[in-house]
> 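Below is the structure I would like to discuss, written out as structure tokens.
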Amino acid sequence: MSKKVLIISSSLRKNSNSEQLAVCFADGTKAAGHEAEVISLRDKEIRFCVGCLACQKTKRCFMHDDADAIREKMLHADVLVFATPIYYYEMSGALKTMLDRANPLYPSDYQFREVYALATAAEDEDYVPQRAFSGIEGWVECFEKAKLVGTLFCGGVTEIGEIDVNPKLQEAYKLGTKV
């Protein structure tokens, strides 16, 4: 059965290392016969959540910006994938802001059941992505029908293109084929 996979790339650098992981994951997903869309937050206007919680009753945010369309795609995706660079041992601010603005999904009849997290960083120790993955897992745990089913970390990449010869790109592709 074909699944609809939404991949959100949160690096603000064009062709970033984490975006390359996202693209390889998408390629693997498509090779497995699924529909995949990669959305970059790079050129999007997404304001901060103000915590009013009105969305818990209305299932929509009172603010209208690019988060509206992304959230709508998240609602109807079978699988969500979040790709982030690691900044100060955490997910990017752009991803955190988008996850906060996805709060109207909580009371909704969301379709996603599987969530994946992909991350890159200059440092390559095993502990480097733990806080970012924990933050994403915390978001997922708020959605009782969803589960974080896979993570992939590629460390030791800083400059754009450094990941091009890294075997983690192939791992991202393979992870995408397992959706």
> Whether Lys4 and Asp78 form a salt bridge (side-chain N of Lys/Arg under 4.0 Å from carboxylate O of Asp/Glu) is what I want to check.
no
> Please round to the nearest 0.5 Å and tell me the distance separating atom SG of Cys142 and atom CD of Glu137.
11.0 Å
> Is it the case that Ser10 and Ser92 place a side-chain donor and acceptor less than 3.5 Å from each other?
yes
> So do the side chains of Leu41 and Ile70 get within less than 4.5 Å of each other, counting heavy atoms only?
yes
> Determine whether Leu75 and Phe112 make a side-chain contact, defined as any pair of heavy atoms from C-beta on separated by less than 4.5 Å.
no
> Check whether any side-chain heavy atom of Glu171 lies under 4.5 Å from a side-chain heavy atom of Leu21, and answer yes or no.
no
> Under a 4.5 Å cut-off applied to non-hydrogen side-chain atoms, are Phe82 and Leu118 in contact?
no
> Going through the checks in order, is the side-chain contact (heavy atoms from CB on, under 4.5 Å) test met by Asn103 and Asp100?
CA-CA 6 Å; Asn103 202 33; Asp100 289 347; over 6 Å; no
> In terms of hydrophobic clustering (I, L, V, M, F, W, Y; side-chain heavy atoms under 4.5 Å; direct or indirect links), are Val79 and Val23 co-clustered?
no
> Check whether any side-chain N or O of His34 sits under 3.5 Å from a backbone N or O of Ser2 as a donor-acceptor pair, and report yes or no.
no
> Can you give me the closest heavy-atom contact between Phe48 and Thr97, atom names plus distance?
CE2-OG1, 3.5 Å
> Is it the case that one hydrophobic cluster holds both Tyr87 and Phe153, taking links as side-chain heavy atoms less than 4.5 Å apart, direct or via other members?
no
> So which atom in Ala121 and which in Ile86 form the shortest heavy-atom distance, rounded to 0.1 Å?
CB-CB, 3.6 Å
> Leu99 and Ile7: same hydrophobic cluster, using ILVMFWY side-chain contacts below 4.5 Å?
no
> Mind listing the closest non-hydrogen atom pair of Ser18 and Ala83 along with its distance?
O-CB, 3.7 Å
> Which heavy atom of Lys30 sits nearest to which heavy atom of Ala36, and what is that distance?
CE-O, 3.5 Å
> Just so I know, are the side chains of Trp139 and Leu95 near enough to count as touching, which here means a heavy-atom distance under 4.5 Å?
no
> With a 3.5 Å distance limit and no angle check, can you tell me whether His76 reaches the backbone of Gln111 through a side-chain donor-acceptor pair?
no
> What verdict does the side-chain contact (heavy atoms from CB on, under 4.5 Å) test give for Val149 and Tyr116, after you've listed the backbone C-alpha separation in whole Å, the side-chain angles of each residue and the deciding distance to 0.1 Å?
CA-CA 6 Å; Val149 295; Tyr116 292 83; 3.4 Å; yes
> How long is the span from the OG1 atom in Thr84 to the CD1 atom in Ile136, to the nearest 0.5 Å?
6.5 Å
> Has the side chain of Glu141 got a donor or acceptor atom that lies under 3.5 Å from a matching backbone atom of Ala146?
no
> Side chains of Val81 and Val115: closer than 4.5 Å at any heavy-atom pair?
no
> Mind checking the CE-CD1 spacing from Met98 to Ile8? Nearest 0.5 Å is all I need.
5.5 Å
> Counting C-beta onward and ignoring hydrogens, is there a side-chain heavy-atom pair between Leu105 and Phe143 closer than 4.5 Å?
yes
> Check Leu148 against Thr151 and note the closest heavy-atom contact, atom names and distance.
CD2-CG2, 4.0 Å
> Check the pair Ile39, Leu6 against side-chain contact (heavy atoms from CB on, under 4.5 Å), reporting the backbone distance first and the verdict last.
CA-CA 8 Å; Ile39 294 178; Leu6 180 65; 3.5 Å; yes
> Measure the OG-CD1 distance between Ser16 and Ile160 for me, rounded to the nearest 0.5 Å.
7.0 Å
> Would you say Glu162's side chain and Thr158's backbone share a donor-acceptor pair under 3.5 angstrom?
yes
> Find the distance between OH (Tyr106) and CD (Glu144) and round it off to the nearest 0.5 Å.
7.0 Å
> Quick one: does NZ or CZ of Lys145 land under 6.0 Å from the six-membered ring centre of Tyr110, within 45 degrees of the ring axis?
yes
> Less than 4.0 angstrom from a charged side-chain N to a carboxylate O is my criterion; do Asp65 and Lys44 meet it?
no
> Surrounding CZ of Arg47 (heavy atoms of other residues, nucleotides or ligands, distance under 6.0 Å), is the total greater than 12?
yes
> Treat each ILVMFWY residue as a node, draw an edge where side-chain heavy atoms are under 4.5 Å apart, and state whether Val179 and Leu175 are in one component.
yes
> Does any N or O in the side chain of Ser134 come within less than 3.5 Å of the main-chain N or O of Arg131, such that one atom is a donor and the other an acceptor?
no
> Dump the intermediate steps for side-chain contact (heavy atoms from CB on, under 4.5 Å) on Tyr173 and Phe25, then the final yes or no.
CA-CA 5 Å; Tyr173 180 91; Phe25 188 100; over 6 Å; no
> If Ile, Leu, Val, Met, Phe, Trp and Tyr residues are connected whenever their side-chain heavy atoms lie under 4.5 Å apart, and connections chain through other members, are Phe133 and Tyr127 in the same group?
yes
> So, for Glu35 and Thr29, which heavy atoms are closest and what is the spacing to 0.1 Å?
O-CG2, 4.4 Å
> Roughly how far apart are Cys154 SG and Leu169 CG, rounded to 0.5 Å?
7.0 Å
> Would Arg42 and Glu19 pass as an ion pair if we require N to O under 4.0 Å?
yes
> Within the side chain of Gln170, is there an N or O that forms a donor-acceptor pair under 3.5 Å with the backbone of Pro167?
no
> Answer yes or no: is there a donor N or O on one side and an acceptor on the other, between the side chain of Asn17 and the main chain of Glu159, under 3.5 Å?
yes
> Is the shortest side-chain heavy-atom distance between Arg71 and Pro104 below 4.5 Å?
yes
> Got a salt bridge between Glu37 and Lys73, using NZ or NE/NH1/NH2 to carboxylate O under 4.0 Å?
yes
